[in-house]
Amino acid sequence: MISLTSSDPSQLDVDAVVVGVHVQGTSVVPVGADWLPAELTRQIAQDGARLGITGAVDEVRRLPGAGLRATTLVVTGLGEGPLDAGTPAGAELLRRASGAATRELSGLGSVALALPAADSDAVAAIAEGALLGAYVYDRYHVQDGPVGRIEVVTPLARDKAALSALARAEVLAAAVHGTRDLVNAAPNDLFPAAFADAAKAAVKASGAKSLKVTVLDEKALAAGGYGGLVGVGQGSVRPPRLVKVAYAPSRAKVHVALVGKGITFDSGGISIKPAAGMEAMKSDMAGAAAVLHTVLAAARLGLPVAVTGWLCLAENMPSGSAQRPSDVITIRGGKTVEVLNTDAEGRLVLADGLVAAVEEKPDLVVDIATLTGAQVVALGHRVSAVMGTDEARGELVDAAHGAGEQFWPMPLPADLRAGLKSKVADLANIGDRFGGMLTAGIFLQEFVGATPWAHLDVAGPAFNERTAFGYTPVGGTGVGVRTLLRLLEQRAS
C-alpha cells in the first residue's frame, strides 16, 4: 500500500522516516529536511563518518529517531549533490535511494519517505523506487515480508498529476514484480504449459475485456510449421508452447508486437552447459515474462496502443529425442536452419515468434531475450544491449533512458552475416565466436523482413546472482518492463 501525504514527517505515525543525504565536501548534508530536529541534523553532519554515513548511492543507515514520532530515522544516500529530479539521472538517484531504503526495511509495518518531492516527476521516481525495492519472493520459504505501508511525503499530496504518477507507479511495480516472480520460480514448477496457464490466469485476473490470450500446444506448433519451438522443445517431456497475449483497445493509434524468449530451463541440450552456474538457467525465460507483464500493464493503464505479446516457451533438455548438432529445422515461413549448437536455442524459438508477429503487420516489433553470454562479456551484468533498425534502436534507447534502465546501442555489422552460412541450409544457428552477441542479432534480423525492429539482449541484467543494490533484489530483476512500457507510452502520445 502506498499513498501521498503532506504532513510534517516528524509527526507521522510510522515505524521509520527516511531522509536523503548527499555528499558536500567532506561531510554529508540532509536534502530538503528542514523539519528534522536540530540534534539529528547536527548528528548527521558532524558524526556522519563515525556512524558510517557517507551519502553514497545505495547506502542505507539507521539512527534512533530522537525528536521524531517514528522510532527510527533512516538515512539513504543520494551521492554528490545537487540533485535535479527533473533529469533522468536525478530521477534514477531518487528511485535508487527510495528503493534501497524500502528493500533494507523489509519486515517493517510502515515507512515514510521524506525525500525531495517538489514535482510530479520526483513523486513518480520516489514511488517507483519504493515499490520496486519493497519486493520479497517468499514462495518457497518464510522470510520477512515487504514494507506494509509506504507514505511519500510531498506538498503535492492532493495534486492531480502527482496522484496520476503514483497510480502509474503502482501499475509499473506490479508488472515488474510479476516478471520477477516468474523468473524466480523453480523450473519444476514453471515449465512451458505452466507458464501458459499462468499467462491465462493473469489475463483472467486483469478483468480487461480488451485482452485475449491464445495458446498453441505442441501439435498446433507442428501443424503451423513452428520448427524452432518444436525442435528446441522436443528433448523435454514437457512440450513447448506459443502464447499470444493481445491487447486491442478500440482507439488504438498504432500496433506494437513484443516477442519474448521463454526457455523455462536451459541445460544447453545435447551441447550441454557446464554444471557450474546452470541453476541460473531457470531465468532464461525472463524475456517472455517481461513481455507478458508489459502487455498487462498497458491494458491496466488503458494505453491507446494495440500490443501483441508472443511468449516463445520451451524447455531445452538433452534426451534421446532431443535435437542434435547438424539437424536441419524449418522455421515458420520456410527458412531452414542448420543447428550447429543446441545451446544457441533462444534464437530458434524467437525466429518462430518474430515471423508470427510480422505476419500481423505491426508498426514495430521488439524482441527481448536472455540471448547470449557474449552480452555479459561486452556490457557486464547491469547494461543491456539494443540492436535493430536504426530508428527503432534509437527509440528503444530513448525509452530506456527515460525509464531509468541502462540499454546501450550496438551495431549489426553486415560482414558478420557470412559466419552464419551453412552448406546444407539457408543459414546456421551460430557463427564466429567473436562478436557473438551481434551475430545473434544478425540471425534474428533474417526473420523480420522490412518491419521496423529492435532486439534487446538482457542476458546479464535479467538475473542478479550477486548482491542486491538500490531497488534491485537478488534473483529476477524484471529488466525491460520499464523500458517497454515507456516505449508504448511514447507511441501513444
Side-chain angles (χ1 to χ4, degrees), residues 221-222 225-236 239-240 259 261-278 280-281 284-285 287 312-355 367 369-378 385 387 410-448 455 457 459-460:
L221 291 172
Y226 294 92
L229 279 158
V230 171
V232 173
Q234 71 189 36
S236 174
V259 183
K261 174 186 173 183
I263 303 299
T264 59
F265 188 78
D266 183 17
S267 70
I270 295 296
S271 307
I272 196 164
K273 294 177 180 290
M278 195 188 289
M281 290 301 100
D284 214 16
M285 35 55 66
C312 306
L313 310 177
E315 187 176 56
N316 189 23
M317 299 293 285
S319 72
S321 61
Q323 69 177 358
R324 298 152 290 261
S326 78
D327 277 2
V328 175
I329 61 174
T330 302
I331 302 297
R332 181 171 174 85
K335 282 191 178 178
T336 56
V337 177
E338 183 182 13
V339 180
L340 297 181
N341 188 318
T342 64
D343 194 24
E345 85 299 329
R347 64 200 69 184
L348 302 178
V349 301
L350 283 175
D352 276 339
L354 286 169
V355 172
D367 73 77
T370 48
L371 201 61
T372 67
Q375 178 276 319
V376 186
V377 173
M387 290 153 269
M410 300 297 287
L412 293 175
D415 62 286
L416 291 180
R417 174 60 178 84
L420 293 173
K421 287 183 178 178
S422 166
K423 295 179 180 179
V424 298
D426 293 326
L427 68 165
N429 77 324
I430 60 170
D432 296 333
R433 173 189 173 194
F434 299 105
M437 172 177 62
L438 311 182
T439 299
I442 290 169
F443 179 92
L444 296 177
Q445 190 177 37
E446 294 284 319
F447 300 94
V448 296
H455 161 56
D457 193 335

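Taking the charged nitrogens against the carboxylate oxygens, Asp367 and Lys261 have no contact shorter than 4.0 Å, which rules out a salt bridge. A salt bridge links Glu446 with Arg417: the distance from a Lys NZ or Arg NE/NH1/NH2 to an Asp or Glu carboxylate oxygen falls below 4.0 Å.
Side-chain contact between Leu438 and Met387: present, with at least one pair of heavy atoms (C-beta onward) separated by less than 4.5 Å. Side-chain contact between Leu371 and His455 is present, with at least one heavy-atom pair separated by less than 4.5 Å. Side-chain atoms of Cys312 and Asp352, non-hydrogen and from C-beta on, never get closer than 4.5 Å to each other.
For Asn316 (side chain) and Ser267 (main-chain N/O), no donor-acceptor pair under 3.5 Å exists by modelled atom type. Between the side chain of Thr342 and the main chain of Ile270, a donor-acceptor pair closer than 3.5 Å is present. Asp457 contributes a side-chain N or O that, together with a main-chain N or O of Ala459, makes up a donor-acceptor pair within less than 3.5 Å. Judged by distance alone, the side chain of Thr330 and the main-chain N or O of Gly227 form no donor-acceptor pair under 3.5 Å. Panel note: side chain Asp327, backbone Val339; no donor-acceptor pair is recorded below 3.5 Å. Using modelled atom types, no side-chain atom of Gln375 and backbone atom of Met437 make a donor-acceptor pair closer than 3.5 Å. With Asp284 contributing its side chain and Met281 its backbone, the two residues share no donor-acceptor pair below 3.5 Å.
Atoms CD1 and CD, on Ile329 and Gln234 in that order, are 8.5 Å from each other to the nearest 0.5 Å. Taking CZ of Phe443 as the start and CG of Leu354 as the end, the distance is 10.0 Å to the nearest 0.5 Å. Atom CE of Met285 is separated from atom OG1 of Thr264 by 8.0 Å, given to the nearest 0.5 angstrom. Remark: Leu420 CG to Arg347 CZ distance equals 8.0 Å, nearest 0.5 Å.
Contact record, Val232 with Ala314: CG1-CB, 4.1 Å, taken as the closest heavy-atom pair. Contact record, Phe434 with Thr439: O-OG1, 4.5 Å, taken as the closest heavy-atom pair. Closest non-hydrogen pair, Gln445 versus Leu412, comes out as NE2-CD1, 3.9 Å. Heavy-atom minimum distance, Met317 versus Phe265: SD-CD2, 4.1 Å. Nearest heavy atoms, Asp343 versus Ser271: CB-O, 3.7 Å. Taking each heavy atom of Met410 and Ala385 in turn, the nearest pair found is CG-CB, 3.9 Å.
Donor-acceptor pairing under 3.5 Å is recorded for the side chains of Thr336 and Asp426.
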For this session: Let me see the working for Leu229 and Arg332 under side chain to side chain contact (heavy atoms under 4.5 Å, CB included), right down to the final yes or no.
Result: CA-CA 10 Å; Leu229 279 158; Arg332 181 171 174 85; over 6 Å; no
